[in-house]
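See structure below.
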Amino acid sequence: MDTTIRYEIPGDIAGIHSLIELAFRNAPHTDHTEQYIVQALRAAGVLWASLVAESGGKLVGHLALSPVQISDGSSGWYGLGPIAVHPDYQGKAVGSRLMQRALAELEARGAAGCVVLGDPGYYGRFGFKAQSRLVLPGVPPEYFQARSFRGACPRGSVQYQLAFNARG
């Protein structure tokens with residue numbers, strides 16, 4: 001399958017919204033607000049990176065990155081998510097390609113690290129692991145994971161952008 005990973009362009013925005021809604025429509029453990037989160041991150045100017053996967057001229061995947069705050073004052077940390085893959089393209093390495101590109105971009109731009117909330121079995125393949133020193137309040141610790149690009153993980157509570165409270 002020929003898939004291109006690139007940054008979003010203005011003409012992608014409506015398609016990204018629809019893609020995310022479709023990708024999460026039947027997903028467990030979601031409140032179905034992911035498309036609104038991306039929209040709110042973009043509107044607030046804190047969508048650090050918005051990557052799309054395109055196949056045959058069709059958007060088939062999306063990944064968002066935004067800065068996070070850590071209570072110990074550590075800087076250069078980002079939150080990955082949401083990540084969405086069109087149901088017809090799931091299991092075809094689209095998500096993996098988006099992840100690899102996102103992590104390469106973060107590292108190349110000098111980010112200290114990245115956090116993600118999700119399935120440890122999936123994100124562990126990309127070097128993420130639960131860190132007892134780094135927590136997201138109210139979340140089971142095994143589902144909140146981090147990957148440091150340089151040095152040890154910080155110690156503290158993580159706060160995502162206010163856009164993550166978007167509801168539509």
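Computed from a prediction, not measured in an experiment: that's the story for all the values here. The first residue in the sequence is number 1, and the count goes up from there.
- Met99 and Ile5 fall within the same hydrophobic cluster, defined by Ile, Leu, Val, Met, Phe, Trp and Tyr side-chain heavy atoms under 4.5 Å apart, directly or through other members.
- Checking side-chain atoms of Arg147 against main-chain N and O of Gly113 turns up no donor-acceptor pair under 3.5 Å.
- Between the side chains of Gln100 and Ser96, no donor-acceptor pair of N or O atoms lies under 3.5 Å.
- Counting all heavy atoms, side chain and backbone alike, Ile70 lies closest to Pro154 at CD1-CG, 3.5 Å.
- Side-chain contact between Val85 and Val60 is absent, with no heavy-atom pair separated by less than 4.5 Å.
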Report task. Take Gln39 and His17, measure what side-chain contact (heavy atoms from CB on, under 4.5 Å) needs, and give me the verdict at the end. Result -> CA-CA 8 Å; Gln39 184 177 354; His17 188 90; 3.3 Å; yes
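- Put simply, CD on Glu8 and CZ on Arg42 are 4.0 Å apart, with the number rounded to the nearest 0.5 Å.
- The cluster map of Ile, Leu, Val, Met, Phe, Trp and Tyr, joined by side-chain heavy atoms under 4.5 Å apart, puts Val139 and Tyr160 in the same cluster.
- At most 12 heavy atoms of other shown residues, nucleotides or ligands fall within 6.0 angstrom of atom CG in Leu162.
- We find that Asp72 and Arg133 are not joined by a salt bridge, their nearest charged nitrogen and carboxylate oxygen being 4.0 Å or further apart.
- Between His62 and Ile20, some side-chain heavy-atom pair lies under the 4.5 Å cut-off.
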**Report entry** side-chain contact (heavy atoms from CB on, under 4.5 Å) between Gln161 and Leu41, intermediate numbers included
**Finding:** CA-CA 8 Å; Gln161 297 290 324; Leu41 288 168; 3.8 Å; yes
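- Phe128 and Val68 sit in two unconnected hydrophobic clusters of ILVMFWY residues. Membership requires side-chain heavy atoms under 4.5 Å apart, directly or through other members.
- By the neighbour-count criterion of 12 heavy atoms within 6.0 Å, atom CG of Asn26 is sparsely surrounded, having that number or fewer from other residues, nucleotides or ligands.
- In this structure, Val52 and Tyr7 have side chains that are not in contact, with every pair of non-hydrogen atoms separated by 4.5 Å or more.
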Report task. Kindly determine whether Thr33 and Phe24 satisfy side-chain contact (heavy atoms from CB on, under 4.5 Å), including the steps that lead there. Result -> CA-CA 9 Å; Thr33 60; Phe24 283 95; over 6 Å; no
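- Tyr36 contributes atom OH, which lies 11.5 Å from atom CZ of Arg167 (distance to the nearest 0.5 angstrom).
- Side-chain atoms of Leu106 and Trp48, non-hydrogen and from C-beta on, do get closer than 4.5 Å to each other.
- For the atom pair CG (Leu117) and CZ (Phe144), the distance works out to 7.5 Å, reported to the nearest 0.5 Å.
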Requested in this report: Step by step, work out the side-chain contact (heavy atoms from CB on, under 4.5 Å) result for Ile16 and Ser50.
Outcome: CA-CA 10 Å; Ile16 289 169; Ser50 179; 4.2 Å; yes
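- Closest non-hydrogen pair, Leu134 versus Ala146, comes out as CD2-CB, 3.7 Å.
- Here CD1 of Ile83 is found 5.0 Å from CG of Leu98. Values are rounded to the nearest 0.5 Å.
- Between the side chain of Gln145 and the main chain of Gly118, a donor-acceptor pair closer than 3.5 Å is present.
- Proximity of Phe149 to Leu103: side-chain heavy atoms (C-beta onward) are separated by under 4.5 Å at one or more points.
- For the atom pair CG (Leu19) and CD (Glu34), the distance works out to 11.5 Å, reported to the nearest 0.5 Å.
- Of all the heavy atoms in Glu142 and Ala130, the pair that sits closest is CA-CB, 4.2 Å.
- Between Val38 and Pro82, some side-chain heavy-atom pair lies under the 4.5 Å cut-off.
- A donor-acceptor pair shorter than 3.5 Å cannot be found between the side chains of Glu105 and Tyr78.
- Counting heavy-atom neighbours within 6.0 Å of Tyr122 OH, excluding the residue itself, gives a total above 12.
- A donor-acceptor contact shorter than 3.5 Å links the side chain of Arg97 to the backbone of Thr3.
- Inter-residue side-chain proximity for Leu63 and Arg101 is flagged as unmet; no heavy-atom pair is nearer than 4.5 Å.
- Nearest heavy-atom pair, Trp77 versus Cys153, reported as atom, atom and distance to 0.1 Å: CH2-SG, 3.8 Å.
- The closest side-chain heavy-atom distance from Lys129 to Tyr123 is not below 4.5 Å.
- Ion pairing of Glu54 with Lys58 is absent here, as no side-chain N (NZ or NE/NH1/NH2) approaches a carboxylate O to less than 4.0 Å.
- Closest approach of Ala112 and Ser75 over heavy atoms only: CB-O, 3.5 Å.
- To the nearest 0.5 Å, the span separating CG on Leu80 from CG on Leu51 amounts to 9.0 Å.
- Salt-bridge formation is not detected for the pair Arg150/Glu107: no Lys NZ or Arg NE/NH1/NH2 atom is positioned less than 4.0 Å from an Asp or Glu carboxylate oxygen.
- Hydrophobic clustering keeps Leu65 apart from Val158 (ILVMFWY residues linked when any side-chain heavy atoms are closer than 4.5 Å, directly or through intermediates).
- In plain terms, the two heavy atoms of Ser71 and Gly156 that are nearest each other are OG-CA, 3.2 Å.
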